[in-house]
*Asks:* 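Sending over a structure as structure tokens; questions will come in a sec.
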Amino acid sequence: MTELTHVDGEGRARMVDVSAKAETTRIAVAAGELVTTAEVIRLVRADGMPKADVLSTARIAGIAGAKKTSELIPLCHQLALSSVKVEFGFTETSITVEATAKTRGQTGVEMEALTAVAVAGLTLHDMVKAIDPAATMNGVRLLTKDGGKRGHWTRESGPAPESSTAPNTFDTTRTAAVLVASTGGAAGTRHDTTGPVIEQWLRDRDFEVRGPLVYADADIAAGIDDARTGSPALIISTGGTGASPTDATPEATLAVLTRELPGIAEAIRTKGLEKTPHASLSRGVAGLTERTVIVNLPGSPGGVKDGLAVLDPIIDHLLAQVAGGGMHDD
């Protein structure tokens, strides 16, 4: 049986001596959710709560909580945190919270990430309790950690912790956002036909979907930032990939990518060329921004259909690889 490191040979609590450990870069990601009502979600998203900016306040509180972890949890070491990031997402009845903590040192930052989630969630509760005193903070858990002699660890994929009103609302491997680049759609002068198709395709594959988020071509960079809220596993965009002067989706996507996946973009173009030579004009890209996969699809219904056909047989394997699991095929 594995020994408890915070207990000595006589069963007394102790602070672990980490002086002999090597200094490495250590990163931890934790998550949780505040389960509330659809009315609260609507008000928070519209910035209509009676108190101040709910999400900004909770984000600052989470960061401050991470910094004070060693004061709150007696046997934790004091760490020089190099980064703490707190992000939020939404389902119909919950606000999801994800925190990433980073340091370089001799011990991990799991507790800092978990504390950031817990404090941010409790702050959310404080901000919404006037409307929903029955809100609950659920499923605070570690998702991944990196660094030290054990290297990368990730929570095994499976159903998220149950909640009383919204079970399985935060499985990070099955969260997605749909982004539509359409100036007419954003202005309300053109009906969006591609975003709902992508949304339904994702829901049919058990994704929790945010969107379609519709942005004008000139504002697509802001749209990508919006889609990245909550660090979904997958973002699929449609539109803005052509050669028109206003088409800017590939440039906005490349600006946030940390690694490209050129094979996916080429496969989508190749699939389109089976039906029309115009597919060669698409400049769509695909890649990773941290642990989120972004794929640009064309703005036509046919282009979306072809792109989804390419993604269908590979998306689960791809997301498993990004999350740290699955077999790697060269």
Side-chain angles (χ1 to χ4, degrees), residues 144 146 152 154 172-182 194-195 197-199 201-202 205 207 209 211-213 215 217 220-229 231-330:
T144 66
D146 292 274
H152 179 76
T154 185
T172 56
T173 64
R174 309 303 290 181
T175 55
V178 179
L179 176 62
V180 179
S182 172
T194 55
V197 171
I198 300 172
E199 178 190 7
W201 182 86
L202 289 165
R205 285 151 185 79
F207 281 86
V209 184
L213 308 170
Y215 278 79
D217 290 295
I220 196 60
I224 290 176
D225 287 342
D226 187 3
R228 293 172 67 198
T229 300
S231 298
L234 175 64
I235 297 171
I236 301 180
S237 72
T238 173
T241 63
S244 167
T246 60
D247 289 331
T249 301
E251 287 76 14
T253 303
L254 287 169
V256 301
L257 292 187
T258 52
R259 285 192 291 169
E260 286 192 65
L261 296 169
I264 293 178
E266 291 306 321
I268 293 170
R269 278 186 280 273
T270 300
K271 183 71 173 177
L273 284 170
E274 295 175 3
K275 299 176 181 178
T276 173
H278 292 169
S280 63
L281 301 177
S282 175
R283 300 183 301 110
V285 299
L288 300 173
T289 172
E290 297 181 350
R291 294 188 180 274
T292 297
V293 175
I294 303 181
V295 179
N296 297 158
L297 298 186
S300 66
V304 166
K305 182 179 179 181
D306 291 338
L308 295 178
V310 169
L311 292 177
D312 201 22
I314 66 171
I315 195 62
D316 289 343
H317 183 70
L318 171 60
L319 296 182
Q321 282 195 351
V322 174
M327 297 298 292
H328 290 260
D329 299 325
D330 292 334

*Asks:* Mind checking the CD1-OG1 spacing from I224 to T229? Nearest 0.5 Å is all I need.
*Replies:*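 The OG1 atom of T229 is 12.0 Å from CD1 of I224, to the nearest 0.5 Å.
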*Asks:* Return each pair, listed once, that meets salt bridge (Lys or Arg N to Asp or Glu O under 4.0 Å) where at least one residue sits in residues 255-268; pairs must be two or more places apart or across chains.
*Replies:*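 For residues 255-268: E266-R269.
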*Asks:* Would W201 and V304 count as a side chain to side chain contact (heavy atoms under 4.5 Å, CB included) here? Give the steps.
*Replies:* CA-CA 11 Å; W201 182 86; V304 166; over 6 Å; no
*Asks:* Could you tell me whether the side chain of F207 reaches within less than 4.5 Å of the side chain of I236, counting heavy atoms only?
*Replies:* no
*Asks:* Give every residue pair that meets the salt bridge (Lys or Arg N to Asp or Glu O under 4.0 Å) criterion with at least one member in residues 231-251, sequence neighbours excluded.
*Replies:*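 Every pair satisfying salt bridge (Lys or Arg N to Asp or Glu O under 4.0 Å) with a residue in residues 231-251: E251-R283.
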*Asks:* Taking side-chain hydrogen bond (donor to acceptor under 3.5 Å, both in side chains) as the definition, give me every residue that meets it alongside T253, ordered by chain and number, with sequence neighbours left out.
*Replies:* N296
*Asks:* Please table the atom pairs, donor to acceptor, closer than 3.5 Å between any side-chain atom in residues 305-312 and protein atoms at least two apart or in another chain.
*Replies:*
unit_1: D306; atom_1: OD1; unit_2: K275; atom_2: NZ; d: 3.0
unit_1: D312; atom_1: OD1; unit_2: R205; atom_2: NE; d: 2.8
unit_1: D312; atom_1: OD1; unit_2: R205; atom_2: NH2; d: 3.3

*Asks:* Kindly compute the distance separating CG (L288) from CG (L257), expressed to the nearest 0.5 Å.
*Replies:*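 Answer for the CG-CG pair, L288 versus L257, is 7.5 Å.
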*Asks:* Keeping the roles fixed (side chain from T175, backbone from A233), state whether a donor-acceptor pair exists under 3.5 Å.
*Replies:* yes
*Asks:* My understanding is that only residues two or more places apart in sequence, or in another chain, count here; which of them pass side-chain hydrogen bond (donor to acceptor under 3.5 Å, both in side chains) with T289?
*Replies:* R228
*Asks:* L234 vs L318, test: side chain to side chain contact (heavy atoms under 4.5 Å, CB included). Steps then yes/no.
*Replies:* CA-CA 10 Å; L234 175 64; L318 171 60; over 6 Å; no
*Asks:* Please find the pair of heavy atoms, one from P232 and one from A227, that lie closest to each other, and give the distance.
*Replies:*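 Of all heavy-atom pairs spanning P232 and A227, the closest is CG-O, 3.4 Å.
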*Asks:* Check whether any side-chain heavy atom of I268 sits under 4.5 Å from a side-chain heavy atom of V295, and report yes or no.
*Replies:* yes
*Asks:* Which heavy atom in P250 sits nearest to a heavy atom in G240, and how many Å separate them?
*Replies:* CD-O, 3.2 Å
*Asks:* Write down the atom of P298, the atom of G303, and the distance for their closest heavy-atom approach.
*Replies:*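 Between these two residues, the closest heavy atoms are CD-O, 3.8 Å.
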*Asks:* Which residues pass the side-chain hydrogen bond (donor to acceptor under 3.5 Å, both in side chains) test with S244, sequence neighbours left out?
*Replies:* T246
*Asks:* How close do A279 and G272 get, counting heavy atoms only, and between which atoms?
*Replies:*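 Looking at all heavy atoms of both residues, the shortest contact is CB-C, 3.4 Å.
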*Asks:* Which atom pair, heavy atoms only, marks the closest approach of A176 to L202?
*Replies:* CB-CD1, 3.8 Å
*Asks:* Which heavy atom of A181 sits nearest to which heavy atom of T249, and what is that distance?
*Replies:*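 That closest heavy-atom pairing would be CB-OG1, 3.6 Å.
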*Asks:* Check whether any side-chain heavy atom of I264 lies under 4.5 Å from a side-chain heavy atom of I314, and answer yes or no.
*Replies:*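 Yes, at least one pair of side-chain atoms sits under 4.5 Å.
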